[in-house]
Every structure is written in structure tokens, then in C-alpha cells.
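Below is one structure, written out as C-alpha cells; the observations come after it.
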Amino acid sequence: MTLECWMGRTAACAGLLLTPAGGLLAQTGPAPASAVRSAPLTNVRYEIAYDSATARNRSLTVSMAFDVGGPGPVLLSLPAWTPGAYELTFFARWVSKFAATAGEQPLEWDKVDYDTYRIHPAGARSIRVSFDFLADTLDNAMAWGKPDFVLFNGTNVLPYPEGRGLDFPATVTVKTQPEWLVATGMAPATQPGAYRERSYHDLVDKPFFIGKMDYDSTQVDGVWTRLASYPAGALTGPARAQLWERIGKMIPAEAAVFQETPWTSYNVMLIFDPSYGGGSALEHTNSHVGIYNPQFAGTPILASITAHEIFHAWNVKRLRPADLVPYRYDRPQPTAWLWVSEGITDYYADLAMVRGGIIDADQFRNLIANKIGTVTDAWPTALEDASLSTWIHPTDGTQYLYYPKGSLAGLMLDILIRDASDNLRSLDDVMRGLYRSTFKQGRGFTGAEWWRAVSSAAGGKSFADFNAKYVDGRAPYPWDHILPLAGMRLTADTIRAPRLGVASAQDSTGAVRITQIAPGSVAEEAGVRVGDLLLALGDVAINDPDFGSAFRARFGKNEGDPLPIKVRRGADTLTLHGTVRLLSRVEGRVEEDPDAAEKAVRIRNGLLTGTTGR
Ligand SMILES: [Zn+2]
């Protein structure tokens, strides 16, 4: 997943000192009782209906039919979370009108825990359960309905039998308006509107868009790629052509790492909605769902998040830490390895952008510098600890630190492997080697296997000390030693930049809420309050993907200039009157070293082009 990528890169640079917050729906609680076991089920068929009539209530009509193959009650559960969105949500919260029948006969049912339903078949062999699901949440792990559209995930609406394993086949039939379109990565079955997968893991990994949308396809690298966007008209013309062109450049650059494209088709599924303050996306095996403020259309950040999500189709959906294999849906599944699954995915998104020619080398180094700045500004936090902690959404600003810091750990490993092997091996060899030796063998990778692969690519060099200091430990990253090995160096510029003096948090819709106000700051003097939603500074909207540089350009010149601060407080929209105050801050810059040695230049070029060799 990615969340508030743009906030880290832009608003934080403007001195807003953002502290991301997680989904508003996140809760913790006891894990459901799972020592229970359902009667065996076969012939599982789900049906999901959404049309202009059910859309009035923003409600999906769901049914599940099956045959019962043994004695005892049927126990059906709904998931507590969606893989990739590492937080507990408990989808049973959105269920209403639950019923179970055998033919016309209603069956007795109750709950074993808050998301497990116990149905008494009373001798019946064929049972149907039905319920409504409220599609009211704009979140890529959730369901969201509009009068002409719905997004839903299988985790939201597809119950599974308790204690019977998840490798059961099932069909999903979609009922909707004849003129509406359906976009999904799910495999079509023979009947119209029907889909079939071999296991529950696949069923809940293929989200659906149903409704009016722009939907087209092309072949990228010889494989069908589809682009669905809602609402119709939100991504058309040059912006759509540009995204297509960039997808056509990023996928080959990513596939080169693994030397295969492991899907028969890939769905890029995008929602643009003005109520969404930022940008966020969630990965799947052959698709991803991205939700963006409309201002993201046509920006490089949209391409960057897209590159991140597509790389996930290899890294985490296939190559995955053993802690996450197989996924379980009833409780948290923490792992210390999200710095690889998310951070290194983010590193490869940057690499795909530069290797595919979407950004140039200067822009690539700026991405590195921004991440170094983000990590330097945060409280020192170990990568393993940040990975484990995401489930509880820490409030100290380090909740998503494993993205930028994990990305930088990937850069360091890449440089160290290339340096130790005289540029004959790279991090690509580690990713590809583990992909083949673990995912292709039907399992996840262990920590020992990861470090063995890194060490082997580096000609046997030990990374025990690296792990102790920079992954398990909190030591600052040694850029003065690492970057010169790749013909780069970190320099520091002292810049005068406007500063508001607030901490803020982004909620699951991307809205930016003020959480702290520094005493004596511009914000305090203007009357900003904790709890205000920040909308704009002057004429620069907070959800402008280019917020940071636009804000600095507009308000970075004259101390004392008026600084209108537009906030929403309750139902009111207010413009508060601040004044520009410029503060000196040190900003790191990563530049090419013109005097780099020949080997370092080769390593630098290898990174930028995805090549190895002397
Ligand atoms: Zn991600």
C-alpha cells in the first residue's frame, strides 16, 4: 500500500511537519475465537448485486449458496482486514439484514463472535445466506458506492467457513445494470457476469469496480493491461495518454528485475474524488486500486504510486515474508519485514521511474534526498520496529517510516552489493533469486534466507553488522561512506523557508487535520486550532500534489507578507490571517560527484539503468 506519498514529499518540506495518522476505522480488540470448525461446505457460489436501485441505499446485496457435506452447524466468518492495508477493520460492521434459508425455510442462526455467524442446517443440504453490505467508505480496502458506481473488495463481502482451510474454489456472479461496466482481475467463468477462482485467497485479492467508468486496454510488454477510472471523464485526453505512456515504460523496467511478467492481464483501477485529500493505493496480485484527489491526474506522483503498486505484484503479492504466508483474515499478522515489502518496493518504484525514462537522474537523486530528509526529521526508529508497529498506528510520526527508510536501506544494500561484486551483482539478483527460491517453491522467505541472498550477491560479505545497526538498530545511515561508492554525495544547503508551526495528521480520506500547534508560531498567532482541517495556504490548496514547491514559491520571499490560512472548523470554512515567517533550515541534496572514480561511475550508471558489469 501507499498512503500520503505526496504528503511526505511535499507538504512536509514546507515545514508543516506532518504526522500521518491511519485509517479512522482502525480498532484493536481480542481476536475472534477460531478454535471452532464449520461443517464442511462444497459448491460455494457468491452473488453480488448493485444497480441504480440498491445504489440509493449505497448497499450491496450479497448472497452465498453452498452444499453442506457433514453434521453440525455451519460457521461463516467475514475478514477483519484486507492484506496490504495493515490495520483491523472488521467488515462485519457493515452487514445488515443477515438471513439464512434452506429453500423457502428460514434457518436458525446466531453469532459465535462478532464476525462469525453460526447457522443450524436442521438437516438441510443446500443453504443460502444473504445480507446487505453498506458501501459507504472511500478507502481502497473497503466498499464505496455512488449512484452510478461501486468499489468493493472480496474481504468486505465474501464469508468463509471457519476451520476448513481457504483453498476452496468458488464462483462470484455480478448482477448489475446491463449498460454498466465491470472491471476486476478475477477470472471470468463461462456464464455471463460470472467469475471463478480456485481459492479464497484469490477471491479476496481481486477487487471490483462496477458502474459507469472509462475502461480501456493495451498490450504492455506483450501482456494485456487495463485501465479503469471513475468517474467517467476524470482521466481522459492527454492525462490518460500520458499515464498509459508511463505505464508502458515502468512495467518493462520492473519486469526486468524478475525476468518475467507473472500475470495474464493487469488492471489499474483508479478513483478520482474531490472529497479525498491525498493519494493512496492498495496492491493485488494482478491489479491495484488507487484513490486520488482529482488534482493528481497528470502528475508524476500518480505515476510514482502506480509504479509502486505494480511492483508489489512481484514484491509482497508473490515474493513475501514467511510471516505473511498464508494470509489469515481473522487477526493481525505482524511482520518485521515490511521495510522489504513496502520500503524496497518504494525504492524500485523510483528505479522504475528513472530506468523507464519517466524521470531523469537529477529527479531520482531528489527522491533520495527527500527520503533522507524525512528519515532525518523523524525520531530514530528501527526498521523492524516500524514494520511491526504499523498495526497499532503509532502517534509519534513514525507509523509509516518503513517506507522511506526501507527504501533507503534498499539503496544502501544495492550500492554495497555492487561495490563488493565490482558491479557484477545488484539488489536485483537478491530479489530475483529469492523470488525463484521461495515464491516459486510455494512459500515465503525467512530472515535467514534474505540475508543469505544479500551476502551471496555481495560475494560472501557479511551483513550481520549492517542488520544490527540499520535494520534491527537505530544508527543513522552512513551516507558519507555509502553514496561516494556510487559516485554521489550528500550536501547540505541552508535555505530560508516559510514555516507554519503545526503538526498534522492525514486521515483515511487524505484530509489533513491539525494535531499540534507550536507555541508562538504563525499558526498560533493566526488562531488555528487543534482539530481544524487545513484546506489551503493563500491560493495554494493543501491537496495540490505540488504543494511544497508551490507554497515555497508563493510565500518564501518576504517575511511579514500576509499568509491567509483556510481551514474547516466543524461546518464552517474560515480564513485566518497569518503572516509569513521565514526560518532557516538545512536541506540535504544528493548530487553527482564529478570526480568519482571509474568504479563508482559504473555503479552509479548500473543503478540508473538496471544493468551490471565491468
Ligand atoms: Zn505499498
Side-chain angles (χ1 to χ4, degrees), residues 1-9 20 22-23 26 81-87 89 139-142 153 155 185 205 207 247 250-251 253-254 257-258 263 266-271 278-292 296 301-321 323-324 327 333-353 367 370-371 374-375 383 386-391 393 398-411 427 431 435 439 444 506 508 510:
M1 183 176 196
T2 55
L3 183 64
E4 77 278 302
C5 276
W6 65 284
M7 300 306 298
R9 288 175 195 168
W81 68 292
T82 302
Y86 302 101
E87 60 186 12
T89 308
D139 182 311
N140 39 44
M142 301 277 300
N153 286 268
T155 46
D205 187 45
I247 288 171
M250 67 180 69
I251 289 180
E254 294 182 344
V257 176
F258 297 93
W263 53 76
Y266 188 95
N267 270 272
V268 178
M269 302 163 72
L270 307 180
I271 291 171
S280 164
L282 182 60
E283 69 276 8
H284 301 284
T285 309
N286 66 351
S287 64
H288 74 264
V289 172
I291 305 176
Y292 300 95
F296 278 68
I301 299 174
L302 175 61
S304 169
I305 296 177
T306 302
H308 175 111
E309 300 309 327
I310 295 176
F311 195 79
H312 267 315
W314 289 276
N315 189 30
V316 92
K317 296 315 300 194
R318 290 180 173 85
L319 172 62
R320 193 186 309 160
D323 301 333
L324 293 173
Y327 287 127
Q333 203 167 7
T335 173
W337 290 88
L338 291 184
W339 69 273
V340 169
S341 297
E342 291 294 351
I344 286 183
T345 293
D346 220 47
Y347 175 54
Y348 273 99
D350 296 347
L351 288 178
M353 297 277 282
L367 295 175
N370 283 347
K371 288 174 180 176
T374 301
V375 172
L383 278 177
S387 299
L388 287 167
S389 299
T390 192
W391 284 92
H393 298 319
T398 65
Q399 164 175 11
Y400 294 119
L401 200 67
Y402 54 88
Y403 286 83
K405 195 172 183 180
S407 176
L408 294 173
L411 170 65
L427 188 60
M431 303 301 286
Y435 181 85
F439 162 67
Q506 192 177 31
S508 64

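Counting convention: from 1, in listed order, for ligands and their atoms alike. Keep in mind that what you see is a predicted model, and the values were worked out from it rather than measured.
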Please indicate how many protein N/O/S atoms are found closer than 2.8 Å to the Zn ion (ligand 1), with waters neither displayed nor included. 5
Identify, with sequence neighbours excluded, every residue that meets salt bridge (Lys or Arg N to Asp or Glu O under 4.0 Å) alongside Lys405. none
Could you check, using the six-membered ring where one of them is a Trp, whether Tyr400 and Tyr86 have ring centers closer than 6.0 angstrom? no
Any side-chain to backbone donor/acceptor pair from Asp139 onto Ala141? Under 3.5 Å, distance only. yes
Parallel, tilted or perpendicular, as decided by the 30° and 60° cut-offs, for the rings of Tyr266 and His288: tilted
Distance-only donor-acceptor check, side chains Glu342 and His312, under 3.5 Å: yes
Find out whether Ile247 and Val268 are in side-chain contact, i.e. whether some heavy atom of one side chain is under 4.5 Å from a heavy atom of the other. yes
